[in-house]
Amino acid sequence: MENYDLLINYMIKNGIATHEQIRDVRSAIVKTRAGFLQQILADGLISPSKLSEANRELYNLPYVSLRELEIPRELTSQFKEEVVRKHIALPIFLSGGRLFIATRDPGNRNLLDEFKYQGNFSSVDPVVADSNVIEGLIEEHYAGTGGMENILIEEDTAQQDMDRISDALSAMGGGEEEAPVVRFVTGMLLDAIRTGASDLHFEPYETTYRVRFRRDGVLQEVANPPPNIATRITARLKVMANLDIAEKRVPQDGRIKLMVSETKAIDFRVNSLPTLWGEKIVLRILDSSAAKLNIDILGFEPEQKQYYLDAIHKPQGMVLVTGPTGSGKTVSLYTGLNLLNKPTVNISTAEDPVEINLPGINQVNVNTKTGLDFAAALKAFLRQDPDIIMVGEIRDITTAEIAVKAAQTGHMVMSTLHTNDVPQTIARLVNIGIEPYNIAASVNLIMAQRLARRLCQHCKTRDRKRHHEELIALGFDEEELDDLKIYTAKGCDRCSYQGYRGRAGIYQVVPISDSLSDLILKNASAAEIGEQCHREGYGDLRRSALNKVKMGLTSIEEVLRVTSD
């Protein structure tokens, strides 16, 4: 409120408002969490024209009649809609590196800094305009996207949560001279959470600096702050993550924890890496509440869903989920654990780190520095009267042997491996050092998976350029082509990026049958196991992806990106 002392004094002096009315506004803001300007305009305490008149006098700024000015869309398109709408401020003119902003709040330095850091401007200068005219032009220049912010925010991330996150970030310090950098970093973290990003990359180069978000599995450039503040951005992030600011020669790992409420937290896993032009910082967002543990939205085909449910409900054995980093393995496992999580069973998990918090489950963060690795956690679990055990990843022979032993002695064991498909998973276990007969006796099911981007249902268009020969070469059967409708990405204001919004799982789900067990016992090759999977009708990842194309959920381009022949 202190930022508006000049305006408050002006309103009282000129008879626009009384002290009592200002006190009422302050009380209303506590309840509504609105800004001061938003509240006095909503209450009718001051009109848009009176507000612009006050700003002209208080800040000695020019008044611009925006309706008489042609504002180039090439200029407004350079700026994030979230920032424009949040501040009710519109870029109107660019001259010699100076950006002019029409705003109802010219005294807000945070507003000017946010626009400045979206481009390499020598200065950002405010001009005064009526707020209702600014809002109308924002709607014109961002037509059809007025609800974008609400669309992008997940249902469980309410606006009050974003306010609390902002408060928590602001409370992490930073000197007065670092205020613009602090606000920039805070803005990036808030934007990442708001838009559903999974990772943030802060990357220095010789003459440039860029920030990229990974959304729906694809990196997108979102900001280019001036390179001369690169070291200050790095220092700010390292302070927040409790890393050693003086150490710039070796990688470091840290963590930023934001308490959104008494029961909800968002964690950022932070890693610094020395590069040629400075330290690159990458943050992984670990938001437990973002994971929707509903088996019906994972993307299973009906038979695949039943295979998975049958396997995890067996009293003992092993279920393995495989795929590259970021393919959704943890969510698949936790969806199963959520179904099994009952007062009558004891479930323990060992992860690096714990990414999803699930009440009723005993979750352990492994810490190799203290000797608490996966193998040590597994040994401890077996002395804790377990029914179900989840191991974040099988990386070595020791962990694998303990997991196999647990699966053979009355426990359900669930884990992941970094392999490409089901046949290669079996080969990997053999290469680690597990005897084939132990694999055949302990593994109930192996599931390989990928995440493909979903086509935006508002703008997807028919893909008519594919010839029959090409579709057959991709893996479609001849009889499928008659009624086949294929869609491709176009792009619109409702998409998260380039015609896609959200992701769907692509799965190869294979229960270990008697015939597959025989092949494992004979130490068959991955190719032979793959052929048997095909004969038994389990298909592969490419076939599963093509089924998503038939359903209109994704495109051929996306299939080619996430699967191989």
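A quick note: this is a predicted structure, and the numbers were derived from the prediction, not measured.
By the neighbour-count criterion of 12 heavy atoms within 6.0 Å, atom CG of Asn431 is densely surrounded, having more than that number from other residues, nucleotides or ligands. For Lys405, the NZ atom sits in a loose shell: 12 or fewer heavy atoms of surrounding residues, nucleotides or ligands are nearer than 6.0 Å.
The heavy-atom pair separating Gly499 from Cys459 by the smallest distance is CA-SG, 4.2 Å. Between Ser272 and Ile281, the closest heavy-atom pair is CB-CD1, 3.5 Å. The minimum heavy-atom distance linking Ile389 with Ala406 is given by the pair CD1-CB, 4.5 Å. Here the closest heavy-atom approach between residue Ile394 and residue Ala400 is recorded as CG2-CB, 3.6 Å. In this structure, Phe184 and Pro225 approach most closely via the heavy-atom pair CZ-CG, 3.5 Å. In terms of heavy atoms, Asp352 sits closest to Arg395 at OD2-NH2, 3.4 Å.
At a cut-off of 3.5 Å, with distance as the only test, no side-chain donor of Ser517 or Asp514 sits close to an acceptor on the other residue. Remark: the Gln408 side chain and the Asn438 side chain contain an N/O donor-acceptor pair separated by less than 3.5 Å. Between the side chains of Asn346 and Asn362, at least one donor-acceptor pair of N or O atoms lies under 3.5 Å. Side-chain contact check for Thr195 and Arg215: at least one donor-acceptor pair (N or O, by modelled atom type) lies under 3.5 Å. Side-chain contact, Arg462 with Tyr487: no donor N or O sits under 3.5 Å from an acceptor N or O. With no hydrogens or angles considered, no side-chain donor-acceptor pair links Arg428 and Thr419 at under 3.5 Å. Checking Tyr308 against Ser332 by side-chain atom types alone, no donor-acceptor pair falls below 3.5 Å. If you check the side chains of Gln532 and Glu536, you find a donor sitting under 3.5 Å from an acceptor.
With hydrogens and angles ignored, the 3.5 Å screen pairs a side-chain donor or acceptor of Asn271 with a backbone N or O of Gln252. With Lys342 contributing its side chain and Leu339 its backbone, the two residues share a donor-acceptor pair below 3.5 Å. Without hydrogens or angle criteria, Asp518 side chain to Ser513 main chain gives no donor-acceptor distance under 3.5 Å. Proximity of a side-chain donor or acceptor of Lys550 to a complementary backbone N or O of Phe476 within less than 3.5 Å is not detected. Looking only at distances, a side-chain donor or acceptor of Lys329 sits under 3.5 Å from a matching main-chain atom of Gly323. Judged purely by atom type and a 3.5 angstrom limit, His313 uses its side chain to pair as donor or acceptor with the backbone of Leu309. Using a distance-only test at 3.5 Å, with no hydrogens or angles considered, a donor-acceptor pair links the side chain of Thr416 to the main chain of Gly392.
A salt bridge links Arg466 to Glu557: one of the charged nitrogens lies within less than 4.0 Å of a carboxylate oxygen.
Using the six-membered ring where Trp is involved, Tyr538 and Tyr307 have ring planes that are perpendicular, over 60° apart on the 30 and 60° scheme.
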(request) In sequence, state the C-alpha distance, the side-chain angles, and the governing distance for Asp216 and Val218, and then conclude on side-chain contact (heavy atoms from CB on, under 4.5 Å). (result) CA-CA 6 Å; Asp216 292 339; Val218 177; 5.8 Å; no
(request) For Phe202 and Met188, run side-chain contact (heavy atoms from CB on, under 4.5 Å): C-alpha distance rounded to whole Å, both residues' side-chain angles, the deciding distance at 0.1 Å, then the answer. (result) CA-CA 10 Å; Phe202 293 82; Met188 289 293 97; 4.0 Å; yes
(request) Please assess Glu351 against Met390 for the test side-chain contact (heavy atoms from CB on, under 4.5 Å), listing each intermediate value before the final yes or no. (result) CA-CA 8 Å; Glu351 301 163 78; Met390 196 273 270; 3.8 Å; yes
(request) For Ile486 and Ile556, run side-chain contact (heavy atoms from CB on, under 4.5 Å): C-alpha distance rounded to whole Å, both residues' side-chain angles, the deciding distance at 0.1 Å, then the answer. (result) CA-CA 8 Å; Ile486 298 175; Ile556 292 293; 3.9 Å; yes
(message) Pair Arg542, Thr563 - check side chain to side chain donor-acceptor pair (under 3.5 Å), show working.
(response) CA-CA 6 Å; Arg542 170 60 63 83; Thr563 67; 2.9 Å; yes
(request) Check the pair Arg543 / Asp540 against salt bridge (charged side-chain N to carboxylate O under 4.0 Å, His left out), numbers first and verdict last. (result) CA-CA 5 Å; Arg543 181 65 250 181; Asp540 55 17; over 6 Å; no
